[in-house]
Amino acid sequence: MLESDFSALLQSVLYTNQRQLSPESKKARLNSEAISIFSAFPVLPMQDSLYYELLALTAICGEVPCACADRLTSSKSYRKKVVTNLTHDKFLRIFSKDHLRGYRLGIRGKRLLRERAPERFQFYLSGRTDTNSIKSSPARRLRLHRIAQAYVTMLNAGAAIYRDEKPPVFVPGGSSPCRIESTVFYDSREMKELGLEMIKVHGSRMVGSLLTASHTFAVFNGMVAVPTFDTQIEQRGKIMLQNIRYTRTGASHTPDGILLSDQWAVMTTLLEDAKTYKKEHFLFGEGYEHFYFLTNDYHGETLLWLLCHPDVIGQLNALLLQELQPPCRNAFIENDARTDAGSPILFSYLPDLPRMFRFLSALELLQMKGAILCFDFQADALRPLCGDRVELQTIDFAAFERRFLTLP
């Protein structure tokens with residue numbers, strides 16, 4: 001099926017079940033609400049302003065990469081103005097060392113957040129925690145940057161990130177069950193409150209966990225690097241996450257994984273390496289049944305929002321199947337649909353690394369031809385993996401946005 005066919009199909013459907021607030025709409029609103037906090041007795045800026053979000057993220061992360069501010073607003077001039085004002089009045093400072101540049105809270109910034117919103121920030125700005133007493137070693141700072149990147153992705157995808165807005169899932173000694181009714185993200189620092197439970201997974205690359213009403217995800221962030229994992233440690237982390245979700249919320253389901261990255265080329269490398277001795281076994285079979293690859297940008301934020309809304313996935317799949325043959329459930333190869341000629345098609349617009357690897361391997365083993373369906377912006381990363389056996393079919397992402405993400 002051609003890209004234009006999908007585009008026409010998507011545009012022909014009425015705009016229902018629209019996303020409440022897209023990242024771009026959110027950024028536009030941030031640009032219009034600059035609140036002054038510069039006085040002898042400062043008050044917290046409004047929570048929808050860039051002033052607030054930059055201060056708040058820096059508080060809960062310890063250090064935020066300077067590049068992350070670009071993802072909070074679409075206006076470079078406005079971002080520059082906000083950072084200049086915050087640094088000039090010692091609410092924020094820029095720390096640059098070992099080729100890493102990041103924002104840290106200044107003395108006035110820490111005092112402001114502790115005094116005006118202790119229920120939200122005291123946890124991060126007290127004691128000798130990683131977020132309050134920041135180590136200067138590159139490895140420790142890079143860890144903070146990984147978590148900060150994940151926070152921005154979660155925030156822009158609509159997840160709750162602040163402690164006073166989330167159920168106390170990882171608070172030790174909790175007796176009453178927690179209800180997860182929306183999408184919430186807990187970073188590894190919050191998860192460490194479990195004490196002895198987290199000692200079992202010391203050394204895990206997990207930067208946090210994402211919980212929805214129906215799913216649990218372990219979140220990793222490789223940034224620009226091709227990640228490596230200690231399978232034994234990460235397996236213990238998976239079991240711990242499953243047990244905590246069941247104990248605290250009563251939900252009995254197996255967690256899945258999310259791998260964040262700064263570039264789609266990392267996905268290509270991982271899948272190519274999977275054919276060789278370089279295969280990362282934790283990603284392809286020994287870790288999570290589903291391990292989704294998403295990027296730290298607007299596309300990745302949108303895919304993350306989609307991943308947290310199974311009802312929308314169901315609608316999109318139903319829409320796509322109108323132009324395809326239904327899947328064959330008894331086939332030797334997993335598939336989501338078939339071409340008119342009977343060739344299997346895998347829906348990969350939410351890239352599931354183990355599933356993609358199994359599909360490509362089965363085509364090679366069975367000497368079959370098939371197709372992969374993805375968004376148009378993912379095509380360049382997947383094309384080198386297709387070869388002669390795989391046809392690449394694309395969905396117009398702009399048409400998808402108009403169908404599912406446009407505000408009423």
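Residue numbers run from 1 in the order of the sequence given.
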Step through the shown structure and confirm whether more than 12 heavy atoms of other residues, nucleotides or ligands are within 6.0 Å of CD on Glu334. yes
Could you tell me whether Phe95 atom CZ has more than 12 heavy atoms of other residues or ligands within 6.0 Å of it? yes
Report the residue from Arg146, Arg143, Arg140, Arg104 that forms a salt bridge (charged side-chain N to carboxylate O under 4.0 Å, His left out) with Glu63. Arg104
Test item: [X] and [Y] side chains (from C-beta on) under 4.5 Å apart, heavy atoms:
X	Y	answer
Ile233	Arg236	yes
Leu259	Leu294	no
Lys279	Phe357	yes
Pro167	Val184	yes
Pro344	Leu363	yes
Leu260	Gln149	no

May I have the step-by-step check of salt bridge (Lys or Arg N to Asp or Glu O under 4.0 Å) for Glu165 and Arg120, ending in yes or no? CA-CA 9 Å; Glu165 297 178 340; Arg120 177 168 290 189; 3.1 Å; yes
Check whether Arg338 reaches the backbone of Gln325 with its side chain - one donor and one acceptor, N or O, closer than 3.5 Å. no
Could you check whether any side-chain N or O of Lys110 sits under 3.5 Å from a backbone N or O of Leu105, counting only pairs where one atom can act as donor and the other as acceptor? no
Quiz question: by atom type and distance under 3.5 Å, do the side chains of [X] and [Y] form a donor-acceptor pair?
X	Y	value
Thr153	Arg71	yes
Arg79	Thr73	no
Thr216	His253	yes
Tyr349	Asn317	yes

Answer yes or no on whether Arg205 is positioned over the face of Phe220, meaning its NZ or CZ is under 6.0 Å from the six-membered ring centre and within 45° of the axis. no
Does NZ or CZ of Arg189 fall inside the cone over Tyr124's six-membered ring, less than 6.0 Å from its centre and within 45° of the axis? no
For salt bridge (Lys or Arg N to Asp or Glu O under 4.0 Å), just list the numbers for Glu193 and Arg163, CA-CA rounded to whole Å, side-chain angles, deciding distance to a tenth of an Å, and then say yes or no. CA-CA 13 Å; Glu193 287 187 273; Arg163 285 177 66 81; 3.2 Å; yes
From CA spacing to verdict: side chain to side chain donor-acceptor pair (under 3.5 Å), Asp256, Tyr292: CA-CA 8 Å; Asp256 291 322; Tyr292 299 96; 4.8 Å; no
Side chain to side chain donor-acceptor pair (under 3.5 Å) between Asn296 and Glu301, intermediate numbers included: CA-CA 7 Å; Asn296 291 304; Glu301 295 158 6; over 6 Å; no
May I have the step-by-step check of side chain to side chain contact (heavy atoms under 4.5 Å, CB included) for Glu280 and Asp273, ending in yes or no? CA-CA 8 Å; Glu280 180 50 69; Asp273 288 351; over 6 Å; no
Is the distance between the ring centroids of Tyr288 and Phe282 under 6.0 Å? yes
Salt bridge (Lys or Arg N to Asp or Glu O under 4.0 Å) evaluation trace for Glu190 with Lys166: CA-CA 11 Å; Glu190 293 174 291; Lys166 300 182 293 190; 2.9 Å; yes
Name the orientation class of the two ring planes belonging to [X] and [Y] (parallel below 30°, tilted from 30 to 60°, perpendicular beyond 60°).
X	Y	value
His215	Phe217	parallel
Phe229	Phe291	tilted
Phe375	Phe377	parallel

Evaluate side chain to side chain donor-acceptor pair (under 3.5 Å) for Tyr51 paired with Asn85, printing each intermediate quantity in order. CA-CA 9 Å; Tyr51 285 97; Asn85 288 340; 2.8 Å; yes
Please determine whether side chain to side chain contact (heavy atoms under 4.5 Å, CB included) holds for the pair Thr254 and Lys238, giving the CA-CA distance in whole Å, both sets of side-chain angles, and the decisive distance to 0.1 Å. CA-CA 8 Å; Thr254 304; Lys238 173 185 173 181; 3.9 Å; yes
Could you walk me through whether Arg355 and Asp336 pass the salt bridge (Lys or Arg N to Asp or Glu O under 4.0 Å) test, one step at a time? CA-CA 11 Å; Arg355 199 161 182 256; Asp336 299 300; 2.8 Å; yes
